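What follows is a set of notes on a single structure, which appears directly below.
What you see is a predicted model; the values in this text were computed from it and never measured.
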Amino acid sequence: MLEGKYNFKEVENKWQKYWQEKGIYSYKENSNKPTFSIDTPPPTVSGELHIGHIYGFSQADMYARYQRMLGKNLYYPLGFDNNGLPTELLVEKKKNIRAYTIPREEFTAIALDLVSSYNQSYRDMMIHTGMSCDLNLGYNTIDERSQKTSQKSFIDLAKRNIAYRDDKPSPWCCKCRTSVASAELEDKDMESVFNYLNFRLADGSGTIPIATTRPEFLPACVAIFVNPEDDRYKQYVGKMVKVPLFEDIEVKVLTDDKVGIDKGTGIVMCCTFGDQTDVEWWKEYGLPFKQAIDDGGRMTEIAGKYAGMKIVDARKAIIEDLKKEGYIYKQDAIVHSVKVHERCEEGIEFLAKKQWFIRTSTPELKQKWIELGNQLNWHPESMKARYIAWVNNLNQDWSISRQRYFGVPFPVWYCKKCGKPHFANIEDLPVNPLSSQYKGKCECGGEEFEPETDIMDTWATSSVTPQINCNWAENEEECAKKMPMDMRFCGRDIITTWSLRTIIKAYYHQNCLPWKDLMVNGWVMADKGVKISKRFANSKMGLNDLLDNYGADVIRYWCANGAYGRDVLLSDDGVKDGYKLINKIWNASKFVLSFLQDYIPAKPNKILPMDMYIMHKFNLAYYATIKCYEDVEVGYAKAEIEKFFWDFCDNYIEIAKNRLYKPEIYGEEAKISAQWACYNVLLGILKLFSITLPHITEEIYQDYFAKYEKDESIHLSLLKPIDLDKNDNIIECGDEVEDIVSKIRQFKSENKISMKTQIDSLEITSQNADFIKSVDYDIKAVGGIQNIIINSGENNLKFGNIILDENN
RNA sequence: GGGAGUUUAGCUCAGUUGGUAGAGCACCUGCCUUACAAGCAGAUGGUCAUAGGUUCGAGUCCUAUAACUCCCACCA
């Protein structure tokens, strides 16, 4: 029997253990139930989980629980993304080491060790927040199965010439010492200086003005551009110009309409490579290649006396010298936005290095991605527009190689003689080319091979999670049967990366969609415009504190907030809201069940009108709630059942309790009727609430209902409406009774008297006089009315005298 | 510059196919009522960002404008 105050800590802990021990959420391999498979996004192991993760996960978990309670067998794994740069950076930070300074095996060992302790804490947190994934189905993106899948994917694509190797210039982070994909870049406003330089014409006939923020690129200057329409500079086109400080370099003045006439001086220097435009010009005009900056962000040999300096130091020194030599005629301080690497916020450079790319950006392919995007069910629908817009703007192939250490190696060796790549056998995967040899000969006769030292970007693995889940690496037939998976959820920030790339891989490998439905959740904002992130992990709003102060059910209640896909502002007040509901559920259940202790549920011969009414009203709420879940609107669903629940407490229980308390007055039959209604409605409410609030509902279910309902857990029970005969007017009539009760309360409130104060008479005129007559005992009891007179006619109430208690 | 989103009560947000503006919180007035004062009952509060248009009728549809947010492009 439920007693005392609700102790969420004890209760949540108890059932979390029970669910794990009993395997309540386990996937049943040989079940005859239909499977519902979820491609859970493996959270990136890069620090602490925060409320932002839980927000997206718990909303998806609610949809998963809904599917489970429709009788489906859930394939609902929880993987972890723990390879690649984010994890490597975490290891470097936590262990205070730099990956490139120690042997790779050593670093990997340290990383694996750290990763496993983080996995454990992530898993625990998922359990503590009431997630219903099957932890036995998990994977790590660094484990053997994932590596095998990623490598197989790579070999498959490379052999079909969909993956290719090229040394086209691509974004490079000098701090992380690796190439990065353009999708991993962010804009950041930086203070800088616009330097106006006079370049001298080679024929000594004068100077031309050029403005630059990056004078350290002068040694890599390969051309000068003006706009062909710019009359000011027409006479210089085709002339040679000496590069300041590097006078023996002479470059030609060319024209291109990408040059903005009113930007800077209207004359641009093209260097290899200051930015994306330089790359394009270099390609288009076949300009020479000069590398001024190395992997680590230092000046190269060609920078002469500046060689070896860091970029910023070289810039300072060069500006000094330019001033000394009289090249600078003006300097303007500006703030401009520059591309930075999202992981470390360091400005990126463009370096030409051999990288592996996957073809994604031809017009035909883009058309395909859009077609596939249109076949996918997006929740909410509006998120599709972001995807389509992104695909339309795709202009670069996807670079997948990274010059880092902790990740999936490329299973490839290059012939030392001709450079041709040779791939590992699929059966041998996973393979690390650094620790194994290529066994074979090259067509050119070469017998010596060089292993690839790069690793794959984390996205190259994260984009094959459906294939990992569906066992593609081991059994292609099984995978073909299982794909597309039913559902995937992710944050709106990774529509462009994770979703698109997973769609691309599924298309290339299985020629189908990776999933049927995609749920895209919004962000938790710490403040207007500030996304919550790991920085907030240890704040008052950190997960541990929230769990400690409020418990998982309250947090989940908060997560089921409003329209799906919207951002939400985190505030203490907002989180508190759920506490009230939990408390109410506890008290109402405790109260109702106290009248059901000696009751054995069975349909009674006679069901009283208001009892019939509340069951019909529950069914209405039931269907409304189900409709919301069908629409993947977990917040609306919660709101629907919650609305009904408060109505049930404040109106129905108030009516029923008189009959439950006093069978000697109202009769045993009236009590049994109310018990039947209470049993069914409370059970129904708990089941629907169990999706949002898995702990308190399980506690109440196990305390009372389990012995009759026989399900091992409320979470394995089936959602269903109460079995009732059709009854057309019951809702209208019952609502009118509630309305009359409400008016009685209003009357008492206006007269500032207690609700229990008696009124000697009430004259009710109603269009449903017969129904009102049939429940007059309920109205009398709940309203404290001594005599009721009921007439047929236009709805109206006439109150008699208030009977004042002389003791007051 | 291109695209997407947002703008409704003091705050956080709902508002389906056009038909009398809603909830929770806060505030105010009452109520110890044999589950719950973390409760109950009731009241106050809105030119639905602005300006036009379509319509018998617009928070909702159309056009324009403004502010904020995000994505992309540009950032010499």
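- Look at CG on A:Asp275: it is 13 Å from C1' on B:A73, rounded to the nearest Å.
- Within the structure, a side-chain polar atom (N or O) of A:Ser742 is placed less than 4.0 Å from OP1 or OP2 of B:G42.
- One can place CZ of A:Phe747 at 15 Å from C1' of B:C31, the figure rounded to the nearest angstrom.
- Of the candidates B:G3, B:G42, B:U34, B:U34 carries the atom nearest the A:Lys662 side chain, counting heavy atoms from C-beta on.
- Heavy atoms of A:Lys339 sit under 4.0 angstrom from at least one base atom.
- Among the atoms of the strands shown, base atoms are found under 4.0 Å from some heavy atom of A:Lys584.
- Among the atoms of the strands shown, base atoms are found under 4.0 Å from some heavy atom of A:Gly260.
- Each of B:C36, B:C75, B:A41 was ranked by its minimum atom distance to the side chain of A:Thr277; first place goes to B:C75.
- For B:C13 and B:U17, the C1' atoms lie 23 Å apart once the distance is rounded to whole Å.
- By the neighbour-count criterion of 12 heavy atoms within 6.0 Å, atom NZ of A:Lys780 is densely surrounded, having more than that number from other residues, nucleotides or ligands.
- Comparing A:Gly266 and A:Lys580 along RNA chain B, the residue whose closest nucleotide (by nearest heavy atom) sits nearer the 5' end is A:Lys580.
- Between the CG atom of A:Asn658 and the C1' atom of B:U33 there is a distance of 11 Å, rounded to whole Å.
- Comparing B:A14, B:G24, B:C40 against the side chain of A:Trp646 picks out B:C40 as the nearest.
- Shown here, B:U65 forms a base pair with B:A49; the pair counts as Watson-Crick or G-U wobble because both key distances fall under 3.5 Å.
- Remark: the separation of the C1' atoms in B:U47 and B:A58 is 14 Å, to the nearest Å.
- Across B:C36, B:C71, B:U12, the shortest atom-to-atom separation from the side chain of A:Asn587 is found for B:C36.
- Spacing between B:C25 and B:A14 at atom C1', rounded to whole Å, works out to 14 Å.
- In this structure, A:Val259 reaches the bases: a heavy-atom distance under 4.0 Å links it to at least one base atom across the strands shown.
- Toward the 5′ end of RNA chain B lies the nearest nucleotide of A:Lys627, the other residue of the pair A:Lys627 and A:Asn651 mapping further downstream.
- Summarising the local packing, CD of A:Gln597 is surrounded by more than 12 heavy atoms from other residues, nucleotides or ligands at distances under 6.0 Å.
- Between A:Gln746 and the phosphate of B:G30, there is no side-chain N or O to OP1/OP2 separation shorter than 4.0 Å.
- With a cut-off of 3.5 Å on both pairing distances, B:A37 has no Watson-Crick or G-U wobble partner at all.
- Geometrically, A:Lys258 does not engage A:Phe225 in a cation-pi contact, judged by NZ or CZ lying under 6.0 Å from the ring centre and within 45° of the ring axis.
- Between the C1' atoms of B:G2 and B:U55, the separation comes to 34 Å (whole Å).
- As rounded to whole Å, 14 Å separates atom P of B:C71 from atom CG of A:Asn393.
- Counting non-hydrogen atoms under 4.0 angstrom, A:Glu654 reaches a base of the nucleic acid.
- In this structure, A:Lys258 places its NZ atom 10 Å from P of B:C74, rounding to the nearest Å.
- Within 4.0 Å (heavy atoms only), A:Asn392 reaches no atom of the nucleic acid at all.
- Between A:Phe591 and A:Phe595, the ring planes are perpendicular. Angles over 60° get that label, and only those under 30° would be called parallel.
- Considering only side-chain N and O atoms, A:Thr213 lies nowhere under 4.0 angstrom from the phosphate OP1 or OP2 of B:C75.
- Rounded to an integer number of Å, the gap from A:Leu570 CG to B:C11 P is 19 Å.
- Of the candidate nucleotides B:C31, B:A41, B:A4, B:A4 has the atom nearest to the side chain of A:Ala385.
- The phosphate of B:G15 has OP1 or OP2 within less than 4.0 Å of a side-chain N or O from A:Tyr636.
- Here A:Cys270 lies out of heavy-atom contact (under 4.0 Å) with every strand.
- For the OP1/OP2 pair of B:A14 and a distance below 4.0 Å, the side-chain nitrogens and oxygens of A:Arg566 include at least one atom meeting the criterion.
- The C1' atoms of B:U63 and B:U54 are separated by 11 Å, rounded to the nearest whole Å.
- B:G24 atom P lies 10 Å from atom CD of A:Glu642, rounded to whole Å.
- B:G57 and B:A43 are spaced 31 Å apart, taking the C1' atom of each and rounding to whole Å.
- Nearest nucleotide to the side chain of A:Asp650, out of B:C36, B:C40, B:C32: B:C40.
- For A:Ile249 against A:Lys290, the heavy-atom pair with the smallest separation is CG2-NZ, 3.5 Å.
- Here A:Ala588 lies in heavy-atom contact (under 4.0 Å) with a base.
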Between A:Asp739 and A:Lys743, does a salt bridge (charged side-chain N to carboxylate O under 4.0 Å, His left out) hold up when you go through it step by step? CA-CA 6 Å; A:Asp739 193 49; A:Lys743 291 225 168 71; 3.0 Å; yes
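- Put simply, CD1 on A:Ile802 is 13 Å from C1' on B:G30, counting in whole angstrom units.
- The pair A:Lys627-A:Asp631 meets the salt-bridge criterion, with a side-chain N (NZ, NE, NH1 or NH2) lying under 4.0 Å from an Asp/Glu carboxylate O.
- Taking the C1' atom of each, B:U12 and B:G46 are spaced 16 Å apart, rounded to whole Å.
- Of the candidate nucleotides B:G3, B:C25, B:U12, B:U12 has the atom nearest to the side chain of A:Leu569.
- Atom name P, nucleotides B:U29 and B:G15: the rounded distance is 34 Å, in whole Å.
- A close approach under 4.0 Å does not occur between any side-chain nitrogen or oxygen of A:Lys756 and OP1 or OP2 of B:C40.
- A salt bridge is absent between A:Asp275 and A:Arg214; no separation between the charged side-chain nitrogens and carboxylate oxygens falls under 4.0 Å.
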